[in-house]
Amino acid sequence: MAIEIEQPRVGLSKVAVSKTHGEDSPYFAGWKAYDENPYHETSNQSGVIQMGLAENQVSFDLLEKYLEEHSEASSWGKGAPGFRENALFQDYHGLKSFRQAMASFMEQIRGGRAKFDPDRIVLTAGATAANELLTFILADPGDALLIPTPYYPGFDRDLRWRTGVNIVPIHCDSSNNFQITPEAMEAAYQSAESMNLKVRGILITNPSNPLGATIQRSALEQILDFAVNKNIHLVSDEIYSGSTFSSSEFISIAEILETRGYKDAERVHIVYSLSKDLGLPGFRVGTIYSYNDQVVTTARRMSSFTLISSQTQHLLACMLSNKEFSENYIKTNRERLSKRYDMIIKGLKKAGIECLKGNAGLFCWMNLSPLLEKPTRESELALWKVILNEVKLNISPGSSCHCSEPGWFRVCFANMSEQTLEIALERIRKFMEQRKRN
Amino acid sequence: MGLLSRKATCNTHGQDSSYFLGWQEYEKNPYNEVNNPNGIIQMGLAENQLCLDLLEPWLMKNPDALGLKRDGISIFKELALFQDYNGFPAFKRALVDFMGEIRGNKVSFDPNHVVLTAGATSANETLMFCLADQGDAFLLPTPYYPGFDRDLRWRTGVEIVPIHCTSSNGFKVTLPAIEQAYRQAQKRKLRVKGVLITNPSNPLGTTMARDELDLLINFIEDRQIHLISDEIYSGTVFTSPSFVSVMEVLKDRNLDQTQVWERVHIVYSLSKDLGLPGFRVGAIYSNDPVVVSAATKMSSFGLVSSQTQYLLSAMLLDKKFTKEYMSENHKRLQKQQKDLVSGLEKAGIRCLDSNAGLFCWVDMRHLLKSNTFEAEMELWQKIVYHVKINISPGSSCHCIEPGWFRVCFANMSESTLKLAIQRLKSFVSSIGMKSQSHQELKSLRRKARNNWVFRHSLQSFYDREQDTTTKVSFSYRPHFMSLSNIAATLDAAA
């Protein structure tokens with residue numbers, strides 16, 4: 001270990017020593033507390049239950065079953081005839097069979113209401129890479145992207161750190177269920193202008209993280225109109241599109257474009273990944289789908305810095321091109337997530353806690369504002385610390401998601417067994433009872 | 001549209017499009033022993049295809065590694081969820097052991113100093129982001145891997161200033177050359193943050209001598225800058241002198257645990273040694289904990305698939321296998337290189353003496369019509385179109401002496417190599433050029449550098465893209481949509 005040196009680190013870049021990686025936020029501090037004392041069903045029943053990690057663990061059995069029955073997906077067949085070609089394949093166009101499988105999977109998720117062209121798919125090692133890459137392509141250092149709050153804390157790093165691009169928030173609040181309004185967008189735009197920041201685009205997450213709700217059709221229309229009026233880009237991160245509880249409720253920006261005959265499509269770019277829907281964050285599978293030829297070309301070249309392992313492309317090409325598997329998976333995954341969601345909502349209600357009405361994602365947006373001493377960020381963080389240290393639950397405070405209204409928390413429910421979820425709900429119930437008594 | 005890169009505008013000059021043509025011509029008409037014996041032979045691709053047949057039986061014997069099982073039990077869920085940017089511990093341990101083996105165990109590496117990245121391409125760019133600000137510069141000895149122009153500069157805004165090496169001393173790095181480069185950078189008002197070397201060298205195929213490494217260490221110590229040693233070809237050293245890593249030199253000079261120790265960083269990858277470029281396995285090794293920490297966080301933008309980490313941890317942990325593999329790898333590389341060198345000799349073409357890499361640095365100066373880069377281009381076009389071999393012209397590697405070419409030999413069978421040599425022999429006899437003596441060449445040499453040749457840095461050359469417009473089934477009304485400056489500058493002028 002190097003000796004601690006007090007003077008500033010000379011010789012490294014500003015980017016390297018900056019704090020824009022964001023890892024000092026409570027979002028990450030909670031993880032640390034969990035890592036130090038993780039709950040375990042048998043060996044550590046008093047540990048911290050991780051409810052701050054948006055992972056989908058409810059449908060692994062389906063994936064494992066597929067792999068058991070289709071060993072050629074993981075082994076290139078008997079004698080590994082395809083191994084050589086696969087091991088050498090580093091073409092940044094990506095495996096054609098995989099792109100075709102992704103395009104068709106994305107279509108299935110949208111109930112066939114939108115079509116995707118495999119040649120417009122650019123592959124990246126995860127949505128993290130996709131979002132950063134798009135930012136490099138759509139904006140210059142010092143420019144701004146408008147993002148509705150509350151938003152995924154990771155964006156502070158992914159969109160800003162190495163790109164030098166700024167995020168200007170579009171403030172949303174509970175008065176209208178945190179929906180994005182033209183007024184809020186305009187206010188954000190003006191705010192950016194007043195700071196002399198050139199706005200290059202608006203980035204939405206649909207379904208929303210952390211709200212756990214899809215964006216309504218009318219709002220999508222307004223957002224697209226706004227982007228057209230200001231002549232800026234629109235990035236729609238649809239990473240949770242397969243995690244909607246019912247297939248009909250999710251409307252993709254792709255559908256809006258289709259109804260408009262693809263007018264103004266060249267400013268629209270969709271980000272997707274298999275990390276949430278398929279629960280495979282370790283495999284690093286992300287995509288950019290752009291209706292802009294030059295963005296596709298440039299993104300493809302830039303993807304050299306973040307290609308997907310050809311071994312993984314091969315496995316997933318097999319899996320996702322199996323229509324029987326993919327259709328069953330999408331349907332079953334939805335049902336299970338929906339069931340979990342019902343369970344947590346009921347459990348929280350029993351404890352006297354209300355949540356935003358959600359219809360997607362791996363989490364719910366919980367309202368604890370009645371519990372705050374004062375409607376301030378400090379009170380929210382104080383409450384968060386209590387929940388972390390006394391109730392032993394790691395949940396994400398709204399302030400880490402840049403929510404302008406204190407008291408809201410994101411609570412994940414898909415990264416644990418049903419039993420663990422019961423225990424978490426029990427702990428919350430007890431906590432709320434105690435507070436009532438005091 | 002405002003986006004079109006300078007590539008498009010440069011195309012009007014006509015000459016630079018030949019860089020595309022080599023790749024494109026090959027893609028249009030690829031040689032195949034059976035189906036297309038008159039096609040273009042690809043000798044511009046530094047891939048190691050000689051030992052994949054050794055990996056296949058290993059895979060068959062180790063089904064757990066592929067099947068994502070441990071002792072027969074599925075660990076699929078564990079791997080599927082594993083996205084920790086600190087990397088799969090077993091894989092990092094196996095990787096550092098492997099790296100140590102390659103260096104004859106003269107140095108040992110600490111897994112906690114390793115950062116895994118999606119390929120060396122990602123590792124090099126990440127190091128730039130960590131060590132340099134936009135507008136800073138790194139010094140690179142020429143000739144160098146064309147991909148660096150994009151990898152080190154594109155999104156980072158960092159500049160490359162060349163340290164010119166010449167055939168007068170076998171292209172070794174000299175102190176005057178380094179100092180000249182440093183002064184050049186200062187003239188251009190660029191702050192030099194470090195030196196980046198590739199050792200063994202691409203495109204030279206040679207390992208750096210101890211005295212060269214000493215020189216570099218002294219220089220960076222003196223200027224208080226960084227040294228990056230891209231050792232991606234370290235496992236391809238097939239004959240003496242044996243590979244000496246910069247880490248070894250630091251250790252021998254008792255410089256470990258000093259300040260300079262923390263400013264030397266190594267890049268590695270399994271793409272060349274194991275021939276697995278598709279799996280995207282790269283690594284940064286640094287003794288500076290701040291660099292390791294920053295690079296680790298940055299690796300989020302290019303993590304290695306956990307599926308692949310698992311497979312390779314199993315493979316690299318099989319030390320018996322890796323030892324046999326590396327030994328056989330060296331044997332086959334040596335044989336193939338010998339065949340190429342002796343074949344070319346018979347055609348009156350000499351190569352730089354090499355002991356590593358997947359290519360030879362070939363001297364075709366005597367075949368040039370004049371000692372100019374135009375003549376080099378002309379020769380190159382002849383070789384691509386008429387001899388039907390795609391090789392890499394030295395100018396694409398920023399070599400300041402016209403007439404050198406990089407010719408790859410490890411991505412083809414023995415018989416294909418024989419055929420390529422035969423074609424070259426016929427070509428040489430057909431143009432009836434006599435070998436010019438070294439003295440004559442010296443007097444002819446003038447610094448005729450074509451600006452547009454250099455401006456045209458080889459992002460396109462190493463592009464796999466066929467550069468035809470994407471065929472899409474929907475056509476959208478073209479509209480001016482402004483993109484970033486980075487998107488527009490695919491090849492910022494040197």
Side-chain angles (χ1 to χ4, degrees), chain A residues 2 9 11-16 21 23 55 60 63-64 67 71 74-75 80 83-84 86-92 117 119-120 125-126 128-129 132 136-140 162 262 265-267 279-284 291-298 301 304-307 309-312 315, chain B residues 1 3 47 49 52 56 59-60 66-68 74 76-77 79-83 118-119 121-122 125 129-133 155 224 226 262-263 275-280 289-291 294 297 300-303 305-308 311 464 469-474 476 479 481 483-487 490:
Chain A
R9 202 95 205 150
L12 299 188
S13 68
K14 294 194 193 98
V15 166
H21 51 70
E23 288 195 14
E55 263 177 14
F60 271 121
L63 299 169
E64 278 172 319
L67 289 174
S71 62
S74 34
S75 66
F83 166 70
R84 211 188 144 92
N86 188 240
L88 293 170
F89 185 86
Q90 59 170 330
D91 182 351
Y92 60 34
D117 176 356
D119 288 335
R120 290 198 170 279
T128 298
E132 191 201 38
F136 270 121
I137 291 177
L138 306 179
D140 291 305
R162 305 191 306 180
Y262 295 99
E266 75 286 347
R267 65 185 70 250
L280 302 172
F283 285 10
R284 312 316 301 147
Y291 296 89
N292 182 315
D293 292 354
Q294 278 157 326
V295 172
V296 172
T297 303
T298 309
R301 290 191 176 133
S304 303
F305 298 111
T306 183
L307 296 174
S309 167
S310 53
Q311 179 195 15
T312 303
L315 178 118
Chain B
M1 278 225 183
L3 166 64
E47 266 179 12
Q49 296 187 22
L52 289 163
E56 282 150 1
L59 294 170
M60 292 297 100
L66 279 181
L68 308 179
S74 170
F76 173 74
K77 185 170 159 175
L79 291 173
L81 293 173
F82 187 85
Q83 58 171 330
T121 299
S122 176
E125 192 201 37
F129 272 120
C130 287
L131 305 179
D133 293 313
R155 305 192 300 182
Q224 305 227 343
H226 296 274
E262 291 196 346
R263 285 202 306 272
L276 305 171
F279 288 5
R280 313 315 301 147
V290 179
V291 172
K297 296 184 172 84
S300 304
F301 300 112
L303 295 173
S305 166
S306 56
Q307 177 196 17
T308 301
L311 172 70
R464 298 308 185 102
T469 24
T470 313
K471 282 205 181 68
V472 292
S473 41
F474 308 116
Y476 305 106
H479 175 95
M481 270 306 315
L483 301 185
S484 67
N485 290 334
I486 281 177
L490 280 167

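Atom set for the values below is all heavy atoms of this structure, side chains included, hydrogens, waters and symmetry mates excluded. Every chain is numbered from 1 and lettered A, B, ... according to where its sequence line falls, protein lines coming before strand lines.
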Kindly give the heavy-atom pair with the smallest separation between A:V15 and B:D133, and that separation in Å.
->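 Heavy-atom minimum between the residues: N-OD1, 4.2 Å.
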
Any idea which heavy atoms bring A:S13 and B:A132 closest together, and the distance?
->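 In this case the closest contact between A:S13 and B:A132 is CB-O, 3.2 Å.
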
Mind ranking [options] by heavy-atom pairs under 4.5 Å with chain B and telling me who comes out on top?
options	value
A:N86, A:L63, A:L67, A:L307	A:L307
A:A139, A:S71, A:A125	A:A139
A:E64, A:R162, A:E55, A:E132	A:R162

Would you check if the side chain of B:S305 reaches a backbone N or O of A:R284 as a donor-acceptor pair within less than 3.5 Å?
->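 No, the answer is negative, given that no donor and acceptor are paired below the 3.5 Å cut-off.
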
So, A:S74 side chain and B:G67 main chain: donor-acceptor pair closer than 3.5 Å or not?
->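 No: the side chain of A:S74 does not pair with the backbone of B:G67.
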
Distance (rounded to the nearest 0.5 Å) between B:L68 CG and A:S75 OG =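 B:L68 atom CG to A:S75 atom OG measures 10.5 Å (nearest 0.5 Å).
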
When rounded to the nearest 0.5 angstrom, what distance separates CZ in B:F301 from CZ in A:F305?
->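 The CZ atom of B:F301 sits 13.5 Å away from the CZ atom of A:F305.
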
Taking C-beta and beyond as the side chain, do [X] and [Y] meet within less than 4.5 Å on heavy atoms?
X	Y	result
A:T306	B:R280	no
B:F279	A:T312	no
A:Q311	B:L66	yes
A:L88	B:P277	yes

For chain A, which candidate among [options] shows the most heavy-atom pairs at distances under 4.5 Å?
options	value
B:A80, B:S74, B:G275, B:S122	B:A80
B:Q83, B:R263, B:K297, B:Q49	B:K297
B:A294, B:G119, B:C130, B:S300	B:C130

